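These notes concern the structure reproduced below.
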Amino acid sequence: MDTAASPRFRAATAADVPALVALIESAYRGDASRAGWTTEADILDGQRTDPEGVLAVIENASSRLVAVERDGELVACCQLEHRGAHAYFGMFAVRPSLQGGGLGKVIIAEAERFARDEWGVAEMHMTVISVREDLIAWYERRGYERTGQTSPFPYGDERFGLPTRDDLEFELLTKKL
C-alpha cells in the first residue's frame, strides 16, 4: 500500500491530545523512534512534548494543529502558526513505520498550500536542530533554505528533552511560497 495514499487533514481538538503526544513521542524519542529516520534519540533523551504543550497549540487562535488520518487512524501531525507575513511550521511527526514512503512530502505540501491560500502568507519558517543534517537535507529538497540564523537550545528546560551533547542549537529554515 502506498503510504502517501488518501490522507485526511483536519484541525486537531482537545480530545486528540493523548494520541498526538504519543505520536510525537514515538517519532522522536526512545527506541520506537528508531523505526523511522527522524529520531532524535541519539541527541536527546526525555520528552519531546507534553499534553499541556500540545493543548496550548490547539487552543492558540493563531495556530492550527493539523491531525492527519488514514483509514480513520492518526498517522501524522504538524503545527502551523500564523505570524504576520509568514507562517511557522513545527511539531511535525509521522508514525515511524510510515516514514520514507512519501507521506511527509504530501503533508508539508498541504501545510504550505493552507498557509498560502488560507492565511495569504508568502513564506514558511521552521527551526531545526542544526546537527540534524539528514533532516535539513530533506527540507532543502522540498525548497527550504538554510539562513544561518540560529537560536539557542533551551538547555535546562526538560519540557524540550534532555540533551546528550552540548552543541545543540536551532537553525531557521525558510521557503518562499
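Quick caveat, the model's predicted, so the values are computed rather than measured. Each residue takes its place number in the sequence, starting with 1.
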Query raised in the report: Can you tell me how far OH of Y139 sits from CD of E145, rounded to the nearest 0.5 angstrom?
Result: 16.0 Å
Requested in this report: Would you sort out whether I107 and F92 count as a side chain to side chain contact (heavy atoms under 4.5 Å, CB included), showing the intermediate values?
Outcome: CA-CA 9 Å; I107 294 166; F92 187 27; 3.6 Å; yes
Requested in this report: Using a cut-off of 6.0 Å, state whether more than 12 heavy atoms not belonging to E158 lie near its atom CD.
Outcome: no
**Report entry** Under the salt bridge (Lys or Arg N to Asp or Glu O under 4.0 Å) test, residues paired with R83 that sit two or more places apart
**Finding:** E81
Query raised in the report: To the nearest 0.5 Å, what is the distance between NZ (K176) and OH (Y144)?
Result: 12.5 Å
Query raised in the report: Are Y88 and T127 linked by a side-chain donor-acceptor pair shorter than 3.5 Å?
Result: yes
**Report entry** SB check D42 R165 (cutoff 4.0 Å)
**Finding:** no
Report summary line: Heavy-atom nearest pair, G148 first then E171, reads N-OE2, 3.0 Å
Query raised in the report: Hey, are R146 and E133 close enough for a salt bridge, meaning a charged N less than 4.0 Å from a carboxylate O?
Result: yes
Query raised in the report: Hey, what do you get for CZ (R142) to CD1 (I108), rounding to the nearest 0.5 Å?
Result: 7.5 Å
**Report entry** Flag side-chain contact, heavy atom, 4.5 Å: S130 against F170
**Finding:** no
Requested in this report: Measure the CG-CG distance between L20 and L55 for me, rounded to the nearest 0.5 Å.
Outcome: 10.5 Å
Query raised in the report: Rounded to the nearest 0.5 Å, how far does CD1 of I129 lie from CG of L168?
Result: 5.5 Å
Requested in this report: Anything under 30° is parallel, anything over 60° is perpendicular, the rest tilted; go ahead and classify W119 against F114.
Outcome: perpendicular
Report summary line: Output for pair (L80 CG, H82 NE2), nearest 0.5 Å, gives 11.0 Å
